[in-house]
Amino acid sequence: MVRAGLNAERLARAGAELADEVGFEQVTVSALARRFDVKVASLYSHVRNSHDLKTRIALIALQELADRAADALAGRSGKDALVALADVYRDYAHEHPGRYASAQFRLDPETAAASAAVRHSQMTRALLRGYDLPEPDQTHAVRLLGSVFHGYVSLEMSGGFSHSAPDSDASWTRALDALDALLRAWPEEKK
């Protein structure tokens, strides 16, 4: 392969593709060097190590997810917005399993604060305004939605729902119906 033009961005993009092919945990600088048919040492002028490479892949995934979510949420509110956001995460996970896994990669606080992860939180909070949740309940709801979306998708992708009826799509729809009902009738905090 042509070696000219290698840079951190190109390596991160190739790493994201590799993650989708072999799994995020399998992405290393060595694996990327093999993909470009170059010596590992030649990549260290562009990425510091495998952790740096994985961080860059995570940033790509977070940005792609945020862009998709913004497009999906435009002009929507309430349950329509909830379903749109949930479907973005689920569809992205199915289309890009390695990148989706990378979006769960733990970033240092400074990197996280400068990443598209902030947009994810802002969009989820905007969606929740339609449910009129005060703080700290809004934060609890953001965490609940993230947990349900990620938990469902993770179980689904590992084959956890493939052995029984009804099919996974039907359960996904019902889970989102239940989340909408819960958000509309959010319990008051007991004092």
Side-chain angles (χ1 to χ4, degrees), residues 1-73 85-127 139-162:
M1 281 188 115
V2 177
R3 295 177 193 180
L6 287 183
N7 59 41
E9 176 66 20
R10 185 168 177 213
L11 292 173
R13 292 258 168 224
E17 291 170 12
L18 184 62
D20 287 339
E21 294 167 17
V22 302
F24 181 64
E25 291 303 316
Q26 304 305 313
V27 175
T28 63
V29 175
S30 297
L32 206 53
R34 286 190 296 277
R35 186 178 200 105
F36 283 100
D37 194 26
V38 298
K39 293 189 185 305
V40 174
S42 67
L43 299 186
Y44 286 123
S45 62
H46 306 292
V47 293
R48 290 186 303 273
N49 50 39
S50 290
H51 188 273
D52 179 39
L53 175 62
K54 287 183 174 188
T55 297
R56 292 170 187 271
I57 295 167
L59 294 173
I60 289 170
L62 288 168
Q63 185 65 51
E64 288 174 347
L65 270 166
D67 291 345
R68 284 186 182 200
D71 289 344
L73 289 172
L85 182 64
D87 285 345
V88 163
Y89 284 99
R90 186 175 183 223
D91 293 346
Y92 188 81
H94 285 279
E95 291 168 29
H96 300 290
R99 290 179 211 204
Y100 179 78
S102 78
Q104 313 311 313
F105 189 64
R106 187 179 188 110
L107 302 174
D108 66 75
E110 190 174 299
T111 302
S115 76
V118 174
R119 285 180 60 207
H120 291 266
S121 178
Q122 291 168 339
M123 285 184 280
T124 305
R125 286 178 184 282
L127 174 159
T139 297
H140 299 319
V142 167
R143 292 172 179 168
L144 172 69
L145 293 180
S147 298
V148 172
F149 299 165
H150 179 66
Y152 192 96
V153 167
S154 296
L155 289 168
E156 181 180 45
M157 303 237 345
S158 69
F161 304 137
S162 62

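Heavy atoms only: backbone and side chains are in, while hydrogens, waters and symmetry mates are out. Note that the numbering runs from 1 along the sequence shown for the chain. These numbers come from a predicted model, not from an experiment.
- Nearest heavy atom pair, residue Ala117 against residue Ala112, reads CB-O, 4.3 Å.
- Looking at every heavy atom in both residues, Leu53 comes nearest to Ala12 through CD1-CA, 4.2 Å.
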message: Between Arg119 and Gln63, does the side-chain contact (heavy atoms from CB on, under 4.5 Å) criterion hold? Intermediate values first, please.
response: CA-CA 9 Å; Arg119 285 180 60 207; Gln63 185 65 51; 3.0 Å; yes
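- Nearest heavy-atom pair across Leu85 and Ala69 is CD1-CB, 3.7 Å.
- Look at Arg13 and Glu17 and you find no salt bridge, because none of the NZ, NE, NH1 or NH2 atoms lies under 4.0 Å from a carboxylate O.
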query: Between Leu107 and Leu59, does a side-chain contact (heavy atoms from CB on, under 4.5 Å) hold up when you go through it step by step?
result: CA-CA 9 Å; Leu107 302 174; Leu59 294 173; 4.1 Å; yes
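- The two residues Leu145 and Leu127 make their nearest non-hydrogen contact at CD1-CD2, 4.4 Å.
- Between the Asp20 side chain and the Arg99 main chain, a donor and an acceptor come within less than 3.5 Å of each other.
- Side-chain contact between Glu95 and Glu64 is absent, with no heavy-atom pair separated by less than 4.5 Å.
- A pairwise comparison of heavy atoms in Phe105 and Phe24 identifies CD1-CE2, 3.7 Å as the closest pair.
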message: Show, in sequence, the C-alpha distance, side-chain angles and deciding distance for Arg125 and Thr139, and conclude whether the side-chain contact (heavy atoms from CB on, under 4.5 Å) test is met.
response: CA-CA 8 Å; Arg125 286 178 184 282; Thr139 297; 2.9 Å; yes
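- Glu110 contributes atom CD, which lies 11.5 Å from atom OG of Ser115 (distance to the nearest 0.5 angstrom).
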- prompt: Would Tyr100 and His150 satisfy side-chain contact (heavy atoms from CB on, under 4.5 Å), going step by step from the backbone distance to the final call?
  reply: CA-CA 10 Å; Tyr100 179 78; His150 179 66; 2.8 Å; yes
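- Atom CZ in Arg35 sits 11.0 Å away from atom CG in Leu11 (nearest 0.5 Å).
- Here Glu25 contributes atom CD and Ser50 contributes atom OG; the two are 11.0 Å apart, rounded to the nearest 0.5 Å.
- The distance from atom CZ of Arg10 to atom NE2 of His46, rounded to the nearest 0.5 Å, is 10.0 Å.
- Between Tyr92 and His96, the distance from one ring center to the other falls under 6.0 angstrom.
- Of the inter-residue distances, the one linking Thr124 atom OG1 with Leu73 atom CG reads 8.0 Å to the nearest 0.5 angstrom.
- Between Ala72 and Val88, the shortest heavy-atom contact is CB-CG2, 3.5 Å.
- Atoms CG and OH, from Leu65 and Tyr89 in turn, are 6.0 Å apart once rounded to the nearest 0.5 Å.
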